[in-house]
Trainee: 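The structure that follows is given in the form of structure tokens.
Along the sequence shown, residues are numbered consecutively beginning with 1.
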Amino acid sequence: IGHGAHPERTLLLPNGTSLPAREPVSREEKASARAGLGLPAEVPLLLFIGRLAKVKNLPLLLEVFRRVLIQIPEAVLVVVGEGPEGADCSKLAQSLGIGSQMRFMGERPHSEIANFLVAADCLLLTSSSEGRPNVVLEAMACGLPVVSTNAGGVAELVEDGKTGFLAGLDDAAGIASGTTQLLGNEQLRQSFGRAAAARVRSLGLTWELHAEKLEAVYHSIIKKDNQD
């Protein structure tokens, strides 16, 4: 619209997820998922999923995790994804002295993503720019709280203080604070997780509904063209 498109001829169809919105996982489900992925069972586990690129601001991710480890030294950060910044990210982790607490899992098929979301205690996102990231939507559907920078459309999904925590684009202290709050409080994680899944349901953010809305748009266009 800002570039001159007519508002009455413009329609926003948000992304959906194929993962059904569910209640937060039980301890047994979490332990089983971790065992299947070869991840440690009894530690606070943070998760990053995404392309290892500059826009994801991986130095901020590592600085956040360094700060978290000061408060919760047993925490582990799992990184799922590959990209041009992967090697530098690994080197920086070692130089910061946090490499031993990280697990670089490489790129995984989408069919495995739900298992990582079930295994985790919190999703971390430190991007400098985003649209409406599917990984946030999928995490929320799995009942997983999200701590993220307030980038792009993230705030359209995450309700700060209700389904997760949001902070400024370079606010390592704010992101680390939200993360440690969640890792140290299982009841808060469960509350945020239930609210996150409920939000996905209330907004109707599924691919099935997305397809139905898109089909309705096409039908309305065809009907209008036939009338003209």
Trainee: Measure from the side-chain N and O atoms of Asp160 to the backbone N and O of Leu166, and report whether any donor-acceptor pair falls under 3.5 Å.
Mentor: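 Confirmed, Asp160 side chain pairs with Leu166 backbone.
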Trainee: Atom SG of Cys89 and atom CG of Leu52: how far apart are they, to the nearest 0.5 Å?
Mentor: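 Here the rounded value is 6.0 Å.
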Trainee: Testing Thr163, Leu117, Val136 one by one against Leu144 for a side-chain contact (heavy atoms from CB on, under 4.5 Å), which residue passes?
Mentor: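 Option passing the side-chain contact (heavy atoms from CB on, under 4.5 Å) with Leu144: Leu117.
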Trainee: For a quick test of reading the model, state the closest non-hydrogen atom pair linking Ile175 to Ala167 and the distance between them.
Mentor: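 What the structure gives for the nearest pair is CG1-CB, 3.7 Å.
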Trainee: Are Leu124 and Val55 co-members of a hydrophobic cluster defined by side-chain heavy atoms under 4.5 Å apart?
Mentor: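 Val55 does not cluster with Leu124.
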Trainee: Please round to the nearest 0.5 Å and tell me the distance separating atom CG of Leu183 and atom CD1 of Ile72.
Mentor: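 Rounded to the nearest 0.5 Å, the CG-CD1 separation comes to 4.5 Å.
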Trainee: I'd like to know if the side chain of Thr180 reaches the main chain of Ala176, judged simply by a donor and an acceptor atom lying under 3.5 Å from each other, with no hydrogens or angles considered.
Mentor: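 The answer is yes, because a donor-acceptor pair under 3.5 Å joins these two groups.
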Trainee: Which is it for Asp121 and Arg34 under the salt bridge (charged side-chain N to carboxylate O under 4.0 Å, His left out) test, yes or no, and what are the steps along the way?
Mentor: CA-CA 11 Å; Asp121 292 311; Arg34 292 185 182 189; 3.0 Å; yes
Trainee: Enter the distance from Phe192:CZ to Met140:CE here, rounded to the nearest 0.5 Å.
Mentor: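 Between Phe192 CZ and Met140 CE, I get 11.5 Å after rounding to 0.5 Å.
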Trainee: Side chain to side chain contact (heavy atoms under 4.5 Å, CB included), that's the test. Do Leu169 and Asn57 meet it? Break it down for me.
Mentor: CA-CA 9 Å; Leu169 297 185; Asn57 203 347; over 6 Å; no
Trainee: Between Arg199 and Leu157, is there a donor-acceptor pair closer than 3.5 Å when you use the side chain of the first and the backbone of the second?
Mentor: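 Yes; judged by distance alone, with no hydrogens or angles, the pair exists.
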Trainee: Should Lys56 and Glu130 count as an ion pair when the cut-off is N to O under 4.0 Å?
Mentor: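 Yes, Lys56 and Glu130 are salt-bridged.
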